[in-house]
Amino acid sequence: MPEENVRVAVRVRPFNRRERERNSTLIIDMNGATTEITDPAGNDEPRKFTFDYSFWSHDGSKEQADGYYGPDTSHPNGKKFADQKKVYNELGVAVLKNAWEGYNSTLFAYGQTGSGKSWSVVGYGINKGIVPMFCDDVFKQIEAKKAEGDKTEFEITFSMLEIYNEQVRDLLSSTARKGGLKVRQHPKLGFYAEGLQIVPVSDYADIERRMEEGTQNRTVASTKMNATSSRAHTIVGITFIQKFQNAAGEDTTKSAITNLVDLAGSERADSTGATGDRLKEGAAINQSLSCLGNVIAALADRSSGKNTRVPYRDSVLTKLLKNALGGNSKTIMIAALSPADINFDETLSTLRYADRAKQIKNSTSVNEDPTEQLIRELQEENEKLKAMLKSGNLEMVAGEDDDDDLTDEERAQIKAELEDQYKSILDKNAQEMEDMKKSFEDKLKEAELKGGGGSTDFAAIAEKKKTVPHLSNLNLDPQLSGHITHFVEGPETCVGSEGDIMFKGPSVVAKHAMIREEGGKYTIEPCEMTNRLVQNGKAVVAKQPLSHNDRLIFGTTQYYVFVNPKERDASKQKYPEVTFEMAQEEVAKKSGFDMSGENKSREDALLQEDMLEIMPAVEEANAISQELDKKMKFESMIVSPEARGEQTGRTEVMIKATNIETKHEWIWPKVKFMNRKYVMQEMYNDFLDGDDPWELPPEKDPFIDDINAEFHIGSVKIWLQSTAYMIAMKEQLDVIDFRGYEVGKINIELVPCNKSGKEYAEDEVFVEDTSELVGKELYFKLKLENAMGLPSRFTDLYAKYIFNLEQKPYETKKMANTINPQWNLNQVHGFAKVTTEDITFLQEGAIMLQVWGKQKPPKEKKTVNTKDALIKGAMTKGQSHNVNTNNKKVDPEKVKYMMKCAMLEKQNQHLEQKLVAMKRMLEEANKHKKKKLTVQLIHKIYHAPSNDAAEKCIALIPQEKDDSSSDSSSSSSSSSSSSSDEENKGKNKDAKKKKKPSSKSKRSKSPKATHPPKEKENEKKAVSKQTSNAIKNQNKSSSCVLL
Ligand SMILES: Nc1ncnc2c1ncn2[C@@H]1O[C@H](COP(=O)(O)OP(=O)(O)O)[C@@H](O)[C@H]1O
Ligand SMILES: [Mg+2]
């Protein structure tokens, strides 16, 4: 069989609205087959990749009158621009050619959510993607063949499925089967979804209807669980069968299966942040995608000659794509790239993924056999299966090489499933045989009788939408917006779970809101004041006019736009196209969150994206908690790395989950919360569907977290600058929690010491110029005495930290039943041979000490109702969204400032003492009319650790000999003449370092008086960067005393 590599295409989309608003930087460039990506943060060279196809769709296009994005010849990149037609011509046409020749093909789109996968695969409106163009072309080419007088019989079938959370859902069926379709393994066909509808289609319009039906079913499922679509994989399957007589006059069947796969957003493959969550459901959501990554890696390994096991069986997606990836299929992958700087990490990872995929080789063969033979084979196969079932002697269906290393347990499990499977295969084979014998016309007729094209008359609805006011759904996935239409007819229309317009969702009540029409004007009002209804981002409590293009949110998940064709057509206004994002943004804005795009750093932009995702999710989780009375309350908070007890990283959104009865709290990273939220949604849907029981056991309940889990109470940043000067420090520092509030104090000391921990009197070792330390040893002891006043709801209190680049954390002992744990940790840190990098670390770095504990069991459990508690909470806060944006209650930089000031004060004391000693030395020398002093003595006086010690040396001045020539032990100055100039020269040569301190100490005096007001100012500003810069500047200009 000929081998063929997986072909890989990359495509980069235009900036979206938000990216434009933020003046995003373009990080992708394409030249010929090369794609370059530039790290916006780094100075590294751009990274280069080459692919089989490179589609530049970023700029160089123009929207034509009909809405189609074609090349703009006047633009410098007009020639480079790849429109939908070009992409189809290069990728789709080849796939179609394969189908004609009888090869299976698979085309899949990979990339993060919003990168343009669906744009390429399905397309939007007139900008049709590969699937509709492919379908259109198939029928055109068939017609052309027929017109030429070709006697071949052509059959086309269509199927559409979705994989979400490892469940297969038939999108052509409006009734979802619980647990999804089973995935079976057929000896010849490989894996297939049992019972999936594979419908015959007669023309393009037929396919279009089927696709719309599938998309609508997806939308309905997705509105129940908003945002699921980005986590789902969609596979459109098109089978093309040609029946003709071969050269030998035999009836022959040539078949080709084409799979077009729109994968889930790749960002979900990364589950960091959810690690350690005992709830596995969250991880299952990514299972298919991460497994696809493993399969691709293994296949790439195999192509390079390694004998690696390919883990197809690990997920539903890889089972169904097994043929596409490692079997008989010509495969194309489109990697969709986001062009903006904020997506650098994701885009780079997409490029790497694509780079790996291109190494995979597949063996392909034409599926062409005499029909008789096919039928015979199926018959024989069935006879065999029947015999095996009868005898009970079951054998593995496909003993393939990748199954070699199955464990006994896996083997047993597979065996147990076999019987079931055999029956299923028997049915499938029988069905196939029957199908082969039937004419295509008959099959089409049958499908028609079953309600072909679905029960919905899409054309009629489209027509009615032109004149009748309606609510049109908005979905986070733009691909799913506008697929649900509720017409608003008559003077009064009630919306609610039991209304004229009917839908369910968290916080949607039976009679939720009322839309009224009077003289062509519309109004809307909630049926009860407490019903959650949001219009254009604002909560509605009383009757409001309802205008065309108004955004409406019912409950927390039902987003709609009101379309009033008459009003729209009569108005001169150009209405903007409403998107889900827009509706979300205006809610965020109205609750006081800064949604402007201007002057946003990459970090701020990422934070903004996170907030947009989190805010509605928190509302939804609270609404579900309330309806299911789960006693949990969720709040979002913005947390700086310092408040998380980390030294690096960006400011992130985290979720505080509180049990309103026990008052236990958990702080969840965003990913953990989002994963759990999906499980909450599923739980809620089971509740809505009346499933009994909808409750999950505690270990699976997304509302329950481990109360024995350790809780990160707060952190303290300990700056190390004093250690670079070998100065001892003793400080009481604030412990701050995630929100930036002080939750206790901690007493620490940093004391210079030797390697074995023997403490120095700092005056023995104090250095003025840190460069003196390079090459020498430097050790200090971190004494963590105790903490005081930690919150009483914790026990088993301990602290931990990591020093510098070390991996292993240092931990104190755990102290129970106290709020003032006495830890008495003494830990020596340091360097045997200090480098300049070490000095820089000590001067600018810090130790991030984290305080941990366990939550105590509640003393008494008050029974509260979730709804009452949440409503009460919202009232006191005055709004339903409460984002804790005000997190800098304690400015972590202030600690740095305090420690530096204390350190500088000490440093200054040292220098002043030296100055005094020098003055005293001169006085004494004058008094005793000494013209010369030995360097030795000056050295002793200068380095005397205290005033007393200095005085002791000064007392030796009278004994100094003016005629120093006799002093053989004295240094260079002793041999010089008596001129003071010469003497100074000698001193300079020998004791260069000594010059510095005197000048430093002089400088240090004057700013002492002038700086304190500045300090206050800085404190007030609480802007960390400014503060630290101010300190740096002060440091540079002098070593002043500030306090
Ligand atoms: N090549 C393109 N030209 C214009 N708009 C695009 C292009 N690719 C994507 N978009 C737009 O970007 C948004 C996200 O694209 P989509 O294909 O839905 O992403 P995904 O399926 O990867 O989540 C959509 O609004 C879509 O219209
Ligand atoms: Mg999509």
Side-chain angles (χ1 to χ4, degrees), residues 9-20 24 26 28 30 53-64 67-72 75 77 80-88 90-91 107-132 160 162-164 171 211 214-215 218-219 222 227-236 260-269 289 333-340 343 346-347 349-350 353-354 474-483 576-582 584 609 613:
V10 280
R11 186 178 196 185
V12 57
R13 64 159 171 77
F15 283 141
N16 62 30
R17 181 179 52 80
R18 272 220 294 281
E19 288 160 353
R20 277 197 308 274
S24 299
L26 176 64
I28 296 289
M30 284 179 184
Y53 309 89
S54 310
F55 298 115
W56 179 264
S57 303
H58 179 68
D59 60 6
S61 87
K62 198 166 60 183
E63 189 179 349
Q64 297 169 358
Y68 183 76
Y69 287 97
D72 175 1
H75 190 281
N77 281 337
K80 196 172 163 185
F81 177 77
D83 65 350
Q84 294 285 60
K85 283 185 190 120
K86 179 165 177 186
V87 174
Y88 175 70
E90 293 194 25
L91 302 182
L107 183 141
F108 60 93
Y110 182 90
Q112 74 182 116
T113 301
S115 59
K117 295 180 297 296
S118 302
W119 179 278
S120 287
V121 177
V122 184
Y124 284 82
I126 192 146
N127 292 284
K128 282 182 189 162
I130 293 168
V131 173
M160 196 168 171
E162 178 176 71
I163 303 171
Y164 174 73
L171 288 174
M211 277 203 30
T215 312
R218 259 190 94 190
T219 311
S222 163
T228 52
S229 99
S230 68
R231 296 191 170 207
H233 312 277
T234 318
I235 304 180
V236 168
L260 301 145
V261 189
D262 195 350
L263 291 171
S266 56
E267 68 283 0
R268 306 295 178 202
L289 204 61
M333 167 168 163
I334 304 181
L337 309 178
S338 290
N343 293 322
E346 287 296 347
T347 305
S349 112
T350 301
Y353 201 96
L474 294 173
N475 195 294
L476 181 60
D477 185 346
Q479 189 69 211
L480 303 184
S481 282
H483 290 278
E577 192 199 337
V578 174
T579 61
F580 182 86
E581 256 179 11
M582 203 168 137
Q584 238 181 2
E609 298 279 305
E613 192 183 348

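One-based numbering, in listed order, for ligands and for the atoms of each.
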| request: Using heavy-atom distances, let me know which of Trp119, Trp56, Phe55 sits nearest atom 6 (C) of ligand 1. | output: Trp119

| task | For ligand 1, indicate whether the residue Gln479 contacts it via side chain, backbone, both or neither (heavy-atom separation under 4.0 Å). | result | neither

| query | Does any N or O atom in Ser118 lie less than 3.5 angstrom from one in ligand 1, N or O only? | reply | yes

| query | Heavy atom under 4.0 Å from ligand 1: found in Pro478's side chain, backbone, both, or neither? | reply | side chain

| task | Give a yes or no answer on whether the side chain of Arg13 reaches the backbone of Gly114 with a donor-acceptor pair at less than 3.5 Å. | result | yes

| query | Would you say Tyr124 contacts ligand 1, with heavy atoms under 4.0 Å as the rule? | reply | yes

| field | Which segment of Ala336 sits under 4.0 Å of ligand 1 when only heavy atoms are counted | value | neither

| message | Whether Glu577 and Arg17 form a salt bridge (side-chain N of Lys/Arg under 4.0 Å from carboxylate O of Asp/Glu) is what I want to check. | response | no

| field | Gln84 side-chain N/O to Asn127 backbone N/O, donor-acceptor pair under 3.5 Å | value | yes

| field | Shortest protein heavy-atom distance from atom 23 (O) of ligand 1, along with the residue and atom involved | value | Gly114 N, 2.6 Å

| message | With respect to Asp262, determine whether any N or O atom, backbone or side chain, lies less than 3.5 Å from an N or O atom of ligand 1. | response | no

| field | Side chains of His233 and Phe108 in contact at under 4.5 Å (non-hydrogen atoms) | value | no

| Does ligand 1 have an atom under 4.0 Å from some heavy atom of Gln84? | no

| request: Note the single closest protein heavy atom to atom 19 (O) of ligand 1, along with its residue, its atom name and the distance in Å. | output: Gly116 N, 3.2 Å

| query | Considering distance alone, does some N or O of Ser115 sit under 3.5 Å from an N or O of ligand 1? | reply | yes

| query | Side-chain donor-acceptor pair under 3.5 Å between Ser222 and Asn475, yes or no? | reply | yes

| query | Is any N, O or S atom of Gln479 under 2.8 Å away from the Mg ion (ligand 2)? | reply | no

